[in-house]
Number of protein chains: 2
Amino acid sequence: MTTTRQDLSELLERSGVRATPRRLEVLEELARESDDVTAQQLWSRLRERDSRAGLATVYRTLALLSEKGVIDVLSHHGGEQCYRLCGDAHHHHLLCEKCHRVVEIQECGLDDWVAAAANEHGFVATEHRVEIVGLCADCR
Amino acid sequence: MTTTRQDLSELLERSGVRATPRRLEVLEELARESDDVTAQQLWSRLRERDSRAGLATVYRTLALLSEKGVIDVLSHHGGEQCYRLCGDAHHHHLLCEKCHRVVEIQECGLDDWVAAAANEHGFVATEHRVEIVGLCADCR
DNA sequence: ATGGTAATGAGAACCGTTATCGTTCTCGGT
DNA sequence: ACCGAGAACGATAACGGTTCTCATTACCAT
Ligand SMILES: [Mn+2]
Ligand SMILES: [Mn+2]
Ligand SMILES: [Zn+2]
Ligand SMILES: [Zn+2]
């Protein structure tokens, strides 16, 4: 992960989010994680790094970032939301049901299938979500 | 909906769930709903029908029924789970983002696409979830 | 410096869900 | 029909993740 603090600061500004020290700490921690994390996991990792960030701020920042499309939200744990810094393009996720690894599927080629399925029932599709659950190379 | 109480009772037994009066009430209410409902919605509708069912029993029954594969669980509302009596076959859902209507998409033809996407990253897919969000015929 | 706005931290409140526990129901064996 | 064991149930407390409140602090333009 070669993402420098400067890059992250620019990412925030570009997304219409003011780059405050706290928000940079949160985003920096997200960039450090390879898999997705819950708000509380993220908060305790920040604490281990001697950040004084409050839990409410972590929640506020994650809500803001997902609203602005900077991060993805996954709901594959029961009730608990997971957050992940992802690529910009539309994509979906592969989830390992054993080790919880998350991998991005670039190139969602489903637009035609989605449009057809929606049209068949008189719908116009505006969005679609796909999650594939399985076992990763290490776990099977 | 021509589903009689007798049908529902047999559905329960066939699924390995003892058909008690309370469970039949819950299942009967699910069969009455065209869209999905939350546990609390279901509970208050039972109350309106002079059922003395407790909220805990509603939650217990919904958990049991989804565990046995009798009903589907959708998580498209924030955190709150929705339940729906669906067909037996593997399928996905169309959701209207305005009126929250839910329609089943029969025939998920995605197995090949899913297997290929998983294989490309060394995964073996065991399950997949697809939700299409859009506007239904009435709402657009 | 000064005033105004946005962000933050601590902790209370909220709310959907689950656990607890005493009571009631169910059903097979008698 | 009666009985006893185990399952189901209802009321309510507890739980846990998230959001709200509010007093304080940081930031920024004047
Ligand atoms: Mn992603
Ligand atoms: Mn369904
Ligand atoms: Zn794995
Ligand atoms: Zn609609």
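Source: prediction; values computed, not measured. Only this structure's heavy atoms are used, side chains among them; waters, hydrogens and symmetry mates stay out.
- In this structure, the side chain of B:Ser9 does not engage the main chain of B:Arg5 through any donor-acceptor pair within 3.5 Å.
- Atom P of nucleotide D:dT18 and atom CD of A:Glu67 are separated by 16 Å, given to the nearest angstrom.
- Note on residues 108-117 of chain A: no pairs pass side-chain hydrogen bond (donor to acceptor under 3.5 Å, both in side chains), not counting sequence neighbours.
- Between B:Ala56 and B:Arg18, the residue anchored nearer the 5' end of DNA chain D, judged by the nucleotide with its closest heavy atom, is B:Arg18.
- For the pair A:Leu24 CG and D:dC27 P, the computed distance is 12 Å after rounding to whole Å.
- Annotation for A:Leu11 and A:Ser15: closest pair O-OG, 2.7 Å, computed over non-hydrogen atoms.
- Between the side chain of B:Thr57 and the backbone N or O of B:Ala53, no donor-acceptor pair lies under 3.5 Å.
- Look at CG on A:Leu55: it is 9 Å from C1' on D:dG17, rounded to the nearest Å.
- Note: CD (A:Gln41) to C1' (D:dG17) measures 13 Å, nearest angstrom.
- In this structure, the CZ atom of B:Arg60 is 8 Å from the C1' atom of D:dG10, given to the nearest Å.
- With rounding to whole Å, A:Tyr83 atom OH is found 12 Å from D:dG17 atom P.
- Side-chain contact, A:His128 with B:His92: no donor N or O sits under 3.5 Å from an acceptor N or O.
- A:Gln40 comes within contact range of at least one nucleobase, with a heavy-atom separation under 4.0 Å.
- For D:dA26, the OP1/OP2 oxygens have no side-chain nitrogen or oxygen of A:Arg22 closer than 4.0 Å.
- No donor-acceptor pair under 3.5 Å is formed between the side chain of A:Arg129 and the backbone N or O of B:Arg129.
- If you find the closest nucleotide of DNA chain D to A:Pro21 and to A:Glu80, the one lying nearer the 5' end belongs to A:Glu80.
- Each end of the helix from C:dA1-D:dT30 to C:dT30-D:dA1 yields a helix axis from five base pairs, and these two axes differ in direction by 20° (to the nearest 10 degrees).
- Put simply, the side chain of B:Gln41 gets close to the backbone of B:Thr38: a donor and an acceptor are under 3.5 Å apart.
- For the residue pair A:Asp36 and A:His76, a side-chain donor N or O sits within less than 3.5 Å of a side-chain acceptor on the partner.
- Residue contacts for B:Ala53: at a heavy-atom cut-off of 4.0 Å it reaches the sugar-phosphate backbone alone, with no base atom in range.
- In terms of position along DNA chain C, the nucleotide closest to B:Cys82 lies nearer the 5' end than the nucleotide closest to the other residue of the pair B:Cys82 and B:Thr20.
- In 5' to 3' order, the nucleotides of DNA chain C bounding all contacts with chain B (an atom under 4.0 Å from a heavy atom) are C:dG16 to C:dT26.
- Between A:Tyr59 and D:dT18 there is a side-chain N or O to OP1 or OP2 distance below 4.0 Å.
- Distance A:Trp43 CH2 to D:dT18 C1': 13 Å, rounded to the nearest Å.
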Begin with the C-alpha distance, continue with both residues' side-chain angles, and end with the deciding distance and a verdict on side-chain contact (heavy atoms from CB on, under 4.5 Å) for B:His93 and B:Asp72.
CA-CA 10 Å; B:His93 294 123; B:Asp72 284 3; 3.3 Å; yes
